[in-house]
Amino acid sequence: MIIDAHVHFDERIDGTAKGAANELARQIVEADITRVIALHLEYQRWSPEEVAEAISPHSNIKAFVNVHPEHPNSARVVRDAKERLGFVGLKLHPRLQDFMVNSKATVSLVRFAGEIGIPVLFDAFPDGTHLMQGFNPFNYADLARQCPETRIIWAHMGGHHVIDFMMLAKRLPNVYLDMSYSLLYYRGSSVPMNMVYAMRSMGFERIFYGSDYPDRPLLESLQGSLEVLRTHGIGEVELRKLLAINAINFFGWDDL
Ligand SMILES: [Zn+2]
């Protein structure tokens, strides 16, 4: 069984949310993946309603809603997305949405997500833009420390800051990591080795597989990631935790 805990919708299929969801569902079957978490993005053209409707025929696609923490109605949008539209989490993207990770507004919205029982996924990839915006692992930790009742996923394992993020996650029991994008982006550098080190150091707990599709086709990401993980000596028992069990337990998917 495989869970891909970090994918997006591809706007290039036919421009519709339905077309993107159908293509994603086709690739899920092709790659023999059991279920994915798809992340709605405000900067794409579709509303939460459109995304919810597009994924409604596909039980193998669950979604996180994306809102700006400084939006005056952000909490209401998140509650509505969960209760009326069936979203299972909140996605926040400090780089694209250009907000401070540990601002008052972010703390308030992330606490609210915890109160209504949904996790929050943060983009934590330090590309040049994000570094120039002041990317700092401390801000992520500070936010998590201020929201102890909310389960928080640091996506991409913090990129080349992976060791910092690992050391912080060890002090923050409400923090989880996903390996999407970074594992393949940094291939050929020391970063994948550090990521595997971090996985081992955390006992292969609190870490999920993700692809960041449509960065690459789902199957290509899965095969490439498995190759990197196996090359670094990760065994089948640990792979099952990283690729399925950790995410299934996290989301409480008893139906799988
Ligand atoms: Zn992503």
Side-chain angles (χ1 to χ4, degrees), residues 2-13 17 20-21 23-25 27-28 31 33 35-46 48 51 54-55 60-69 81 87-99 101 106 110 113 118-131 133 135 137 140 143 151-162 165 175-187 191-192 195 206-222 224-225 228 242-243 246-247 250-251:
I2 289 154
I3 306 297
D4 186 333
H6 187 136
V7 309
H8 299 276
F9 296 103
D10 191 346
E11 288 175 297
R12 299 163 300 184
I13 306 303
E23 171 59 15
L24 175 58
Q27 293 203 26
I28 290 170
I33 288 170
R35 192 170 277 172
V36 305
I37 293 292
L39 307 168
H40 159 248
L41 289 173
E42 259 194 330
Y43 83 86
Q44 291 186 321
R45 63 194 91 187
W46 312 304
V51 168
I55 64 169
N60 49 11
I61 305 176
K62 304 290 177 196
F64 279 29
V65 71
N66 180 222
V67 299
H68 198 293
F87 284 85
V88 299
L90 168 65
K91 150 82 167 180
L92 294 178
H93 206 307
R95 173 169 53 87
L96 291 176
Q97 297 182 291
D98 198 12
F99 65 85
V101 170
T106 315
V110 170
I118 57 170
V120 182
L121 183 144
F122 274 85
D123 176 88
F125 188 78
D127 72 354
T129 304
H130 213 171
L131 288 167
Q133 287 167 332
F135 178 96
Y140 287 81
L143 182 275
R151 295 184 303 161
I152 294 168
I153 304 165
W154 289 340
H156 319 303
M157 290 183 79
H160 59 275
H161 281 280
V162 56
F165 277 77
V175 164
Y176 299 74
L177 302 159
D178 88 43
M179 69 180 87
S180 66
Y181 195 70
S182 296
L183 195 67
L184 298 181
Y185 178 85
Y186 293 104
R187 239 181 325 194
V191 177
M195 290 175 73
R206 295 198 274 149
I207 300 171
F208 314 134
Y209 168 71
S211 64
D212 216 16
Y213 165 89
D215 172 51
R216 292 180 172 80
L218 279 188
L219 183 58
E220 188 185 317
S221 278
L222 179 60
S225 301
V228 173
L242 296 172
L243 272 84
N246 291 351
F250 179 85
F251 289 105

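All ligand and atom numbering here is 1-based and tracks the order in the structure. Just so it is clear, the values below take in all heavy atoms, side chains as well, and ignore hydrogens, waters and symmetry mates. Along the sequence shown, the residues carry numbers beginning at 1.
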Taking 2.8 Å as the cut-off, does an N/O/S atom of His93 lie below it from the Zn ion (ligand 1)?
no
Proximal heteroatom of His6 relative to the Zn ion (ligand 1) (N/O/S)
NE2
Output field: ring centroids Tyr185/His156 closer than 6.0 Å:
no
At the Zn ion (ligand 1), NE2 of His8 and OD1 of Asp212 open up to roughly (10° bins) 90°
Taking the side chain as every heavy atom from C-beta outward, state whether Ser221 and Leu184 have any atom pair closer than 4.5 Å.
yes
Under 3.5 Å, is there a donor on one side chain and an acceptor on the other for Asn66 and Gln44?
no
Note, Glu23 side chain near Tyr213 side chain (heavy atom, < 4.5 Å):
yes
